[in-house]
Structures are given as C-alpha cells and as structure tokens.
Amino acid sequence: AQSVTQLDSHVSVSEGTPVLLRCNYSSSYSPSLFWYVQHPNKGLQLLLKYTSAATLVKGINGFEAEFKKSETSFHLTKPSAHMSDAAEYFCVVTINFGNEKLTFGTGTRLTIIP
Amino acid sequence: DAGVTQSPTHLIKTRGQQVTLRCSPISGHKSVSWYQQVLGQGPQFIFQYYEKEERGRGNFPDRFSARQFPNYSSELNVNALLLGDSALYLCASSPGVRGQFFGPGTRLTVL
C-alpha cells in the first residue's frame with residue numbers, strides 16, 4: 001500500500017519569497033512521486049515527477065523537488081513566488097504494478113501575499 | 001495537440017438517476033483512468049483501463065462502472081445516484097510511462 005501526507009493544509013508566502021510545500025510518503029515498494037497543481041475551477045496540471053532517476057527533479061514554472069529516501073520526503077520548492085502560483089498543490093504517489101493508480105495527498109493551498 | 005477532453009462540463013441529476021460521463025484521451029494514449037474529487041479533498045482513484053481492459057479498480061461500489069472503446073475513449077457510468085456522488089469527476093490519460101494528464105473534469109451535482 002502507498003500513501004502521502006502533506007504536512008500543511010495552507011501555506012502563505014509573500015510575492016518574491018521562497019516557497020516550500022512539504023510531503024512525506026509511505027510505500028512498500030520503490031515509488032514514483034509527482035506534484036500536481038490545480039487552479040480554481042481547472043483540472044490538474046503535472047508540475048514534475050520522480051521515477052527513480054535523478055533525486056533532484058526540475059519541473060515547470062521554476063518548481064523543483066528533491067526525493068530523499070532516508071527521510072521519505074518529496075518536498076516542493078520554488079526560489080521566488082509569483083502571484084500566478086496561487087493554487088492547490090497535490091503530492092501524489094504510485095507504484096506501477098500493472099496499473100497506474102495515483103494516490104493523492106489532501107492538498108496544500110498556496111496563497112501569495114502581494 | 002488537443003489535451004484530454006471530457007463531456008459534459010456540468011451535470012445536475014436527482015437521487016436515484018443514472019449518469020454517463022465521457023472522456024477522450026490525448027491522441028496516442030492507450031490508458032484512461034477515472035478519479036472522483038469531492039470538494040475540499042484530493043482525487044480518489046475509481047478505475048483504470050488499458051487497451052479496453054480494466055487494469056485497476058478503487059474502493060467504489062458496484063454502482064460505478066466504466067468501459068473503454070476501440071478508439072481509447074472511455075465512459076464512466078454511475079447508477080442509483082446518491083447525494084454523496086456529487087463531485088468533480090476527472091479523467092486522465094497516459095502514454096504508458098508514469099505520469100498522467102488530466103482533463104478539466106465534469107462537475108456532477110446530485111439533488
């Protein structure tokens with residue numbers, strides 16, 4: 001079985017400051033991990049993915065995440081927040097054994113303060 | 001290239017009715033998955049189909065069913081609707097490597 005825990009339900013940062021969204025995972029097997037973003041009344045957009053290659057993963061819009069097996073973490077970061085980053089962010093885990101069931105965290109709402 | 005498309009965008013039904021939601025995957029993608037997202041929560045996995053065969057099923061009652069057609073499009077059916085079925089239903093397609101691409105969703109309201 002696999003699961004993810006997003007440690008903060010809501011994060012607020014000022015525009016131009018760094019963003020950190022925290023995620024811990026649990027998996028019986030080597031996982032694949034993703035971050036998705038959902039803007040209001042929109043579908044989910046894939047930000048980045050880790051699939052057992054490089055542990056530091058770069059995604060779109062300046063986001064990146066680091067896979068740390070020893071800490072079972074996959075935190076999402078961005079050096080400088082932009083107003084357009086305000087959205088709901090989901091950490092997601094899967095183990096690919098014949099199907100691609102994605103298990104989502106409960107989400108972190110990111111608010112950007114002007 | 002067109003992304004994943006879903007229809008209809010919004011739907012209002014009453015309890016006990018049946019509903020069919022439709023999804024067209026990205027061209028070339030043979031895998032389609034369905035998720036339910038209740039307001040304020042993360043999406044929950046319902047089904048995955050690959051090459052018209054069911055590859056996975058989440059913890060949903062038998063009132064939920066799905067199928068995939070030869071052109072890889074898919075339908076999700078929900079019978080005997082309950083108030084708790086009100087949610088955003090998301091379809092995702094995949095090219096077979098890890099990472100799924102989501103459509104905009106169908107907002108279902110059950111009255």
Side-chain angles (χ1 to χ4, degrees), chain A residues 1-10 21 23 25 27 29-54 57-60 65 67 74 87-109, chain B residues 2-7 9-10 21 23-26 29-60 66 68 74 87-107 109:
Chain A
Q2 68 265 21
S3 65
V4 289
T5 301
Q6 293 186 242
L7 300 172
D8 307 289
S9 59
H10 192 189
L21 305 184
C23 172
Y25 71 91
S27 176
Y29 304 94
S30 295
S32 291
L33 292 157
F34 310 84
W35 278 96
Y36 281 86
V37 61
Q38 188 174 37
H39 289 91
N41 300 314
K42 294 291 180 76
L44 291 156
Q45 181 182 22
L46 178 63
L47 276 179
L48 49 80
K49 62 182 177 181
Y50 165 78
T51 57
S52 76
V57 181
K58 295 186 183 299
I60 62 172
F67 174 74
F74 190 59
E88 189 87 17
Y89 291 79
F90 292 97
C91 182
V92 181
V93 64
T94 186
I95 51 172
N96 191 18
F97 281 122
N99 71 63
E100 296 182 17
K101 171 188 173 182
L102 299 181
T103 299
F104 284 74
T106 51
T108 298
R109 179 163 299 278
Chain B
V4 178
T5 59
Q6 294 185 244
S7 63
T9 305
H10 295 88
L21 311 181
C23 171
S24 293
I26 293 171
H29 288 192
K30 299 180 180 180
S31 172
V32 170
S33 298
W34 288 95
Y35 292 80
Q36 180 197 64
Q37 186 177 21
V38 174
L39 196 62
Q41 298 181 18
Q44 298 290 316
F45 173 77
I46 309 175
F47 287 110
Q48 189 211 356
Y49 277 78
Y50 180 79
E51 292 273 18
K52 297 179 289 180
E53 291 190 1
E54 183 182 302
R55 282 288 186 89
R57 173 186 284 257
N59 188 24
F60 281 81
Q68 187 177 31
S74 178
L88 180 67
Y89 288 84
L90 295 162
C91 174
S93 75
S94 169
V97 296
R98 295 169 183 177
Q100 297 179 18
F101 299 87
F102 284 82
T106 293
R107 173 78 58 191
T109 301

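Chain naming here is simple, since letters A, B, ... match the order of the sequence lines and numbering starts at 1 in each.
Per-residue heavy-atom pair counts under 4.5 Å with chain A were compared for Gly40(B), Pro104(B), Gly105(B), Pro43(B), and the maximum is reached by Pro43(B). With chain A as partner, the option from Gln41(B), Gln37(B), Gln6(B) having the largest number of non-hydrogen pairs under 4.5 angstrom is Gln37(B). In terms of heavy-atom pairs under 4.5 Å with chain B, the best-connected choice from Gln6(A), Glu88(A), Gln38(A), Lys42(A) is Gln38(A).
Atom CD1 of Ile60(A) has more than 12 heavy atoms from other residues, nucleotides or ligands within 6.0 Å. For Glu51(B), the CD atom is densely surrounded, since the number of other residues' heavy atoms within 6.0 Å is greater than 12.
Of all heavy-atom pairs between Gly42(B) and Phe90(A), the closest is CA-CE2, 3.4 Å. Of all non-hydrogen atoms in Leu44(A) and Phe102(B), the two that sit nearest each other are O-CB, 3.6 Å.
For Leu88(B), the part lying under 4.5 angstrom from a heavy atom of chain A is the side chain only. Using a 4.5 Å cut-off between heavy atoms, Gln45(A) does not touch chain B at all.
Counting heavy atoms from C-beta outward, Lys101(A) and Phe47(B) have side chains that stay 4.5 Å or more apart.
For the atom pair CZ (Phe104(A)) and CG (Leu90(B)), the distance works out to 7.5 Å, reported to the nearest 0.5 Å. Rounded to the nearest 0.5 angstrom, Thr94(A) OG1 and Gln100(B) CD are separated by 7.5 Å. In this structure, CD on Gln44(B) lies 11.5 Å from CG on Leu102(A), to the nearest 0.5 angstrom.
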